[in-house]
Amino acid sequence: MKKRKRMRILMVCLGNICRSPIAEGVLKAKAAAAGLDWNIESAGTEKYHIGKPPHQFSQKICTTHGIDISEQRARRFTPADLTGYDLVYAMADDVLDQVRRISGPNADYSHVKLFLDELEPGSGKSVPDPWYGDEAGYIGVYDMIAACCDAVIKNHSPAAAQTT
Ligand code: 4NP
């Protein structure tokens, strides 16, 4: 039997310290629980936090759900990331704009989408940026991301492909 190609997914936000690290950690946990051997990573479009671990409140809400993201380190999104992944999810519309700015007008964006479009197709919604808010914001962001990760699993697992 032909071995199925390992799916590669990149989560992208601005700083790679608040939203996309949660998305990486949660989707890794959900994919593993579903028996899916997916390669899931994250990056940020800005350079401010390169090399830093996730924000303390991102780590805390993930720990509450049994997910350890403390080993993650922020890295910057590069144009090469567009060809290195099968799916690239932008956490928000400004992130999508930055991905396009970094990668240029001639790149292939067919596999790049707003993350929440996976849960609500065509909604154009963004995961709010919790950076300037308090801890409660990170809890809301976690819930939103977790629900959307369920949708990613549902929409892209081989089982889903067989039934649709
Ligand atoms: P993130 O949040 O994009 O979810 O990692 C942010 C983190 C830092 C900044 C902005 C957003 N910042 O301006 O430093």
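Model, not experiment: these values are computed from the prediction. One-based numbering, in listed order, for ligands and for the atoms of each.
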Quiz prompt | Co-members of the apolar cluster containing Val88 [side chain, <4.5 Å] | solution = Leu10, Val12, Leu14, Phe77, Leu82, Tyr85, Val95, Leu96, Val99, Ile102, Tyr109, Val112, Leu114

Practice problem: Quick one: which residue pairs count as a ring-ring contact (aromatic ring centres under 6.0 Å, His included) with a foot in residues 31-54, not counting sequence neighbours? | Solution: His49-Trp131

Quiz item: Among Pro54, Ser58, Ser42, which one satisfies side-chain contact (heavy atoms from CB on, under 4.5 Å) with Ser20?
Solution: Ser42

Quiz item: Should Lys125 and Asp93 count as an ion pair when the cut-off is N to O under 4.0 Å?
Solution: no

For residues 136-145, which side-chain donor-acceptor pairs fall under 3.5 Å, sequence neighbours excluded?
from	atom 1	to	atom 2	distance (Å)
Tyr138	OH	His55	NE2	3.3

Self-check item: Contact residues of ligand 1, where a non-hydrogen atom lies under 4.0 Å away
Solution: Cys13, Leu14, Gly15, Asn16, Ile17, Cys18, Arg19, Tyr48, His49, Asp129, Trp131, Tyr132

Self-check item: Residues Asp81, Arg75: salt bridge by 4.0 Å N-O rule
Solution: yes

